[in-house]
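Inspection log for the structure reproduced underneath, given as structure tokens.
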Amino acid sequence: MLQVNGLRVAYGGIQAVKGITFHVEEGEMVALIGANGAGKTSTLKALARMLDSAGGSVRYRGKEINRLPAHDLVREGIALVPEGRGVFPRLTVAENLEMGAFIRNDKSEIVRDMAHVYDHFPRLKERETQLAGTLSGGEQQMLAIGRALMSRPKLLLLDEPSMGLAPIMVQKIFEVIRAVAAEGMTILLIEQNAKLALETSKRGYVMESGQITLTDESQALLHNPKVREAYLGE
Ligand SMILES: Nc1ncnc2c1ncn2[C@@H]1O[C@H](COP(=O)(O)OP(=O)(O)O)[C@@H](O)[C@H]1O
Ligand SMILES: [Mg+2]
């Protein structure tokens, strides 16, 4: 579904992503793990065309997308849940979800999908008319994921969904991520929480200083001594 070849991202003269190659197959959940500053967010932003890459190719369902404008990617079925969530604070929960469906005009299906988001996150249903800015961090993360789902993506890009959240909230959110994956969604998951990401995904890539240094089945990475030492605190 996604084939990235030699992707580079630079900020001025500083290379943050130094020519990485990886892929995600349809229906697969793939984790990209790495320390703070490794270049994970830059990679995801380049994929979602939130910033221009400095080189490389990104093929999505057989089509080169590395030069398309960001809003076209939403139409192509790529949804990004950004680091820090990015919900609209002055809109209600329901309005945020409606915004997620802005490219669609199939009213009855939108209503159905919204009900499905509320099935995943009953908390959001309870807070349907509340302003998003008044939600807790975990609830905002739920809303950001729900909003992304409202565009009916084929590929979901998640940037650090566990960041800054209490363990109970992380658990809830990852339950839903697993449920969405079980429904057949293709997911690229970025996490600093390597244990959680590898326990949840099928395959993983390790990113260090802008490069991919290791890749394997997630189960194998969990047992890899290098990963255990560097990312699992052992
Ligand atoms: N807007 C920016 N301007 C300059 N440098 C940046 C910017 N965003 C990120 N960087 C740098 O790029 C590198 C990778 O950052 P980032 O992609 O955010 O890593 P990660 O998500 O893995 O923590 C870091 O060295 C960071 O300081
Ligand atoms: Mg990041």
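We count ligands from 1, going down the list as the structure has it; atoms in each ligand are counted the same way. Predicted, not measured: the structure shown is a model, and the values here were computed from it.
To the nearest 0.5 Å, atom CD of residue Q192 and atom CD1 of residue I33 are 11.0 Å apart.
Atom 24 (C) of ligand 1 lies below 4.0 Å from at least one non-hydrogen atom of the protein. For atom 27 (O) of ligand 1, no protein non-hydrogen atom is found at a distance below 4.0 Å.
Heavy-atom minimum distance, A148 versus V81: CB-CG2, 3.5 Å.
Of all protein heavy atoms, the one closest to atom 14 (C) of ligand 1 is G37 O, 3.4 Å. In this structure, atom 15 (O) of ligand 1 lies nearest to the protein heavy atom S42 OG, 3.9 Å.
Using a 4.5 Å cut-off between side-chain heavy atoms of Ile, Leu, Val, Met, Phe, Trp and Tyr, with links allowed through other members, I168 and M142 fall into different hydrophobic clusters.
H23 and E28 are not linked by any side-chain donor-acceptor pair at a separation below 3.5 angstrom, with hydrogens and angles left out of the test. No side-chain N or O of S57 forms a donor-acceptor pair with one of N66 less than 3.5 Å apart.
Near N36, meaning under 4.0 Å from any of its heavy atoms, are these atoms of ligand 1: 23 (O). Close approach to T41 involves these atoms of ligand 1, each under 4.0 Å from a residue heavy atom: 17 (O), 18 (O), 20 (P), 21 (O). The ligand atoms of ligand 1 that sit less than 4.0 angstrom from a heavy atom of A35 are 22 (O). Proximity to A38 (heavy-atom distance under 4.0 Å) selects the following atoms of ligand 1: 19 (O), 20 (P), 22 (O). Residue contact check: G39 has heavy atoms under 4.0 Å from atoms 14 (C), 16 (P), 17 (O), 19 (O), 20 (P), 22 (O) of ligand 1.
For T41, the nearest N, O or S atom to the Mg ion (ligand 2) falls under 2.8 Å.
Contact analysis leaves I14 out of contact with ligand 1, as no non-hydrogen atom separation drops below 4.0 angstrom. In this structure, G210 falls outside the shell of residues with a heavy atom less than 4.0 angstrom from ligand 1.
At least one test fails for R203 against the ring of F22: distance under 6.0 Å to the centre or angle within 45° of the axis.
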Subject >> Pair Q140-R85, side-chain hydrogen bond (donor to acceptor under 3.5 Å, both in side chains): steps then yes or no >> reply: CA-CA 7 Å; Q140 289 190 22; R85 297 138 203 160; 5.3 Å; no
